[in-house]
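Let me begin by presenting the structure, written as structure tokens, before commenting on it.
Chain identifiers are assigned alphabetically (A, B, ...) following the order of the sequence lines, protein sequences preceding nucleic acid strands; residue numbering begins at 1 within each chain. What you see below is based on every heavy atom in this structure, not just the backbone, and it leaves out hydrogens, waters and symmetry mates.
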Protein chains: 4
Amino acid sequence: MRPQSLRARESVLAATCALLHEGGLPAATVDAISARSGVSKATIYKHWPSRTAVAAEAFGAEMAHAVPSPDTGSAAGDLAEQVRRVSEFYASPAGTTFAQLLAACVTDPAGAPYFREFFLAGRREAVALLWRRALERGEVDDEVDVETAIDMLFGPLIFRLLSGHAPLSREEADAITTAALHGLLAR
Amino acid sequence: MRPQSLRARESVLAATCALLHEGGLPAATVDAISARSGVSKATIYKHWPSRTAVAAEAFGAEMAHAVPSPDTGSAAGDLAEQVRRVSEFYASPAGTTFAQLLAACVTDPAGAPYFREFFLAGRREAVALLWRRALERGEVDDEVDVETAIDMLFGPLIFRLLSGHAPLSREEADAITTAALHGLLAR
Amino acid sequence: MRPQSLRARESVLAATCALLHEGGLPAATVDAISARSGVSKATIYKHWPSRTAVAAEAFGAEMAHAVPSPDTGSAAGDLAEQVRRVSEFYASPAGTTFAQLLAACVTDPAGAPYFREFFLAGRREAVALLWRRALERGEVDDEVDVETAIDMLFGPLIFRLLSGHAPLSREEADAITTAALHGLLAR
Amino acid sequence: MRPQSLRARESVLAATCALLHEGGLPAATVDAISARSGVSKATIYKHWPSRTAVAAEAFGAEMAHAVPSPDTGSAAGDLAEQVRRVSEFYASPAGTTFAQLLAACVTDPAGAPYFREFFLAGRREAVALLWRRALERGEVDDEVDVETAIDMLFGPLIFRLLSGHAPLSREEADAITTAALHGLLAR
DNA sequence: GCCTAAGCGAGACGGTACGTCTCGTCTTATC
DNA sequence: GATAAGACGAGACGTACCGTCTCGCTTAGGC
């Protein structure tokens, strides 16, 4: 039997990346992806369950290198730096695309797994690495779960990105990191 | 000249509430709201800039009483209880509607201010009250901004609600609260 | 309430006529009609049940004058002349469109009534007129039903047009007329 | 080298027959025929130019025995009986399939020859036999061409079947036969 | 009996039209 | 003159079928 064409997958993902750059998720319609990639709509729907899934995979692949993990020597410092970088990324046009993608997953249950696998997983693993390094050095509390820590550091940024109720400046990022590291209770 | 009808506003909001209950945001199309409320689409668009705005106002009005603030005596305990309650709320069908609404704000810039004003503002003020009470009692760190504190406590929940990468159970809610209150650093 | 737009109807029919001329029924896709007429697909589907219906109405309106009825003095001669003219029409490009339309009605039950009403009815009435004139003059058998007579004279042409098993020349048309008028039995 | 497989031909035709019975021509898609027969689409297209061709051959083979020719003693009576039988056949579900097949030939030039050869030819030859018998007995006009006679007798039925402008009852069939045999002119 | 070219199954693919949907604007007639 | 009713333009959606293609596997006939 003829195997699914790698070429098709790849040109779809490339075309989708380009479209996401040009106009965010709204520009990445299935028709547009089909037209630009030369891959038919029917074939796209055979490879992915929805356009959100395509976009998630395309965006995830591209963003793998967009926010490289820092290595400052201080593990806690690395976490702070990472929050700063991610905050900056979210404030950029690509951040808008990320927000659209995350929003689309709410509406499109079929796309959500793709988003988690191709976008979130990579990003979370990068932070998990920093966390484990910090743990080894005894800099962070070993009773806190990695997942909880990640959500604590980045959840606030994402909430702000989506609802726009507060800015995503460097200062705000640092305020969040500080509060997260030291806790809200009076010392 | 004839003033804009109060009756129109109210029946639109009532109809929208009903539709949100029945099928979440997707069910609250402008056509459906118009049909159910007996208010014409043109009139709806004179009162609100978009259907997201209508839904945000309708949902916010209704949810004002859905998560009453606790008063346990311990201010820190109140915050923890509040996170628990909100987490439970997010895990319910109404939480899905909240997620859809938040997601819609990403796509619909005109609706976002309505969402912030009619939904977020009330919710945040309720928590801000708890925070100020805790501050007065000296239970929490007075160097942490209220907004930062709120985002730290609820951002993680919202992130999980949207992307679905982790559950919204009572245990998870408590883990988040604990980590947020005591911080991530080793003690 | 706003009435259905006459303008929409008319530009759809005009665009469809043009497309039928250029490429027959296959060219008159709903997308093409929509694009050329400036009327949205949704609106087209509100006015007509299917593209066959649109094409039938457009083609019928145009063809009303394509085959004018003869008046030779002899009623029987008029019928013969009419068969000749129709045969010639069927042999032309417009005849192909007619065949495609008739064929489409087999597949599209919703379009068939439109074809009968907007195309056939007019054509049949024209022949019925000749028949009645012939009847008054006593030239034709008054025991034969008009409908039967019409089908006898034109059914053979249409059968040939569709299946292509025999030519549609003037000679063949005359042979059919002669046989139909005098009957198949030996004299 | 290796000859084309007879088995493939036969299972395709059998599967097509079954599909035609179940849902007429629309059910006999190439994918469906391939799936049911176990013969691949590529192979089907090596044996036939289009699905219409496959269907025509399958239907023709099956219908060879569906309308047996009558032998009443009177040649003219045989013709009348044949028209009656064919009319009845056209009014049955199989008649619908016939209509769909004939209609498909308009759109599919590659299929038309198959329809003429595998379906029409047989049917026409059966009637031609009756005609020649009648000729020998001097019952019919020897100046009328066989082809013309056949089209005169069956064209009206087919026209009605396709456009649905008149019923296909026994009475109508007889009215057509009578008119065809005796002619339209006043006696 | 082995070899090799073709036949063949499975189904992926590009293409193209379909008919549906929702949005937000526009047009009447009514009150 | 504000409304209810709903027609309208725009354009994406996901589906269907077509006819071509690309694979490996199978299977004769020629040596």
Side-chain angles (χ1 to χ4, degrees), chain A residues 1-9 26-35 37-47 49-51 108 110, chain B residues 1-5 7-8 26 28-32 34-35 37-46 48-52 107-108 110, chain C residues 1-9 26-35 37-51 108 110, chain D residues 1-8 26 28-35 37-52 107-108 110:
Chain A
M1 190 172 18
R2 184 181 178 183
Q4 282 203 337
S5 153
L6 232 183
R7 190 191 55 65
R9 283 196 81 83
T29 66
V30 180
D31 283 301
I33 295 172
S34 170
S37 66
V39 171
S40 81
K41 285 172 68 178
T43 299
I44 294 175
Y45 281 109
K46 268 182 198 150
H47 286 254
S50 71
R51 86 178 177 136
D108 174 13
Chain B
M1 197 167 19
R2 191 170 164 189
Q4 283 198 337
S5 154
R7 191 191 53 67
T29 67
V30 181
D31 284 298
S34 171
S37 66
V39 172
S40 81
K41 286 169 65 179
T43 302
I44 294 174
Y45 280 109
K46 268 181 198 149
W48 292 273
S50 73
R51 86 177 178 134
T52 314
T107 310
D108 174 13
Chain C
M1 190 173 12
R2 182 183 181 183
Q4 282 201 336
S5 154
L6 230 182
R7 188 192 54 65
R9 283 195 80 81
T29 68
V30 181
D31 283 299
I33 295 172
S34 171
S37 67
V39 171
S40 80
K41 286 171 68 179
T43 300
I44 294 174
Y45 280 109
K46 268 182 195 150
H47 287 253
W48 291 274
S50 70
R51 86 177 179 137
D108 174 13
Chain D
M1 268 298 160
R2 186 179 172 189
Q4 283 197 337
S5 153
L6 228 182
R7 189 192 54 65
T29 66
V30 181
D31 284 298
I33 295 172
S34 170
S37 66
V39 171
S40 82
K41 287 171 66 180
T43 302
I44 294 174
Y45 281 108
K46 269 181 197 149
H47 288 253
W48 293 273
S50 72
R51 84 173 181 140
T52 315
T107 308
D108 174 13

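Residue whose closest nucleotide on DNA chain E sits further toward the 5' end, between C:V30 and A:A8: A:A8. With the nearest nucleotide of DNA chain E identified for both C:P49 and D:I44, D:I44 has the one nearer the 5' end. Heavy-atom distances to DNA chain F give each of B:D31 and B:G38 a nearest nucleotide, and the one nearer the 5′ end belongs to B:G38.
Put simply, C:R51 has no side-chain N or O that comes within less than 4.0 Å of OP1 or OP2 on E:dA17. For E:dG9, the OP1/OP2 oxygens have a side-chain nitrogen or oxygen of D:R7 closer than 4.0 Å. Regarding contacts with the backbone of E:dG15, every side-chain N or O of A:S40 stays at 4.0 angstrom or more from both OP1 and OP2. Note on C:H47: a side-chain N or O is less than 4.0 Å away from OP1 or OP2 of F:dC8.
Residues satisfying the side chain to side chain contact (heavy atoms under 4.5 Å, CB included) criterion with C:A27, sequence neighbours excluded, are absent altogether.
Rounded to a whole Å, the CD1 atom of C:I33 is 18 Å from the C1' atom of F:dG11. Atom CZ in A:R9 sits about 15 Å away from atom C1' in E:dC13, given to the nearest Å. As rounded to whole Å, 16 Å separates atom C1' of E:dG19 from atom CH2 of C:W48.
Nearest nucleotide to the D:T43 side chain, out of E:dA17, E:dC8, F:dC18: E:dC8. Closest to the side chain of A:K46, from the set E:dG19, E:dA12, E:dC23, is E:dA12. Distance from the side chain of A:Y45 is smallest for F:dC13 among the nucleotides F:dC13, E:dG14, E:dG19. The nucleotide whose nearest atom lies closest to any side-chain atom of D:K41 is, among E:dA12, E:dC23, F:dA12, E:dA12.
The strand DNA chain E forms stems, runs of 3 or more Watson-Crick or G-U wobble pairs with distances below 3.5 Å, at E:1-31 with F:1-31.
Residue B:D108 comes nearest to B:T52 through the heavy atom pair OD2-OG1, 2.7 Å, listed as atom of the first residue, atom of the second, then distance. Residues B:P49 and B:A110 approach most closely at CG-O, 3.7 Å, considering heavy atoms. A pairwise comparison of heavy atoms in B:T43 and B:A8 identifies CG2-CB, 4.4 Å as the closest pair. Residue C:I33 comes nearest to C:I44 through the heavy atom pair CG2-CD1, 3.9 Å, listed as atom of the first residue, atom of the second, then distance. B:A28 and B:R51 make their closest contact through O-NH1, 3.2 Å (heavy atoms, listed as atom of the first residue, atom of the second, distance).
Between atom OG of residue C:S37 and atom CZ of residue C:R9 there is a gap of 12.5 Å, rounded to the nearest 0.5 Å.
Contact annotation for A:A42: base contact, defined as any heavy-atom pair under 4.0 Å involving a base atom.
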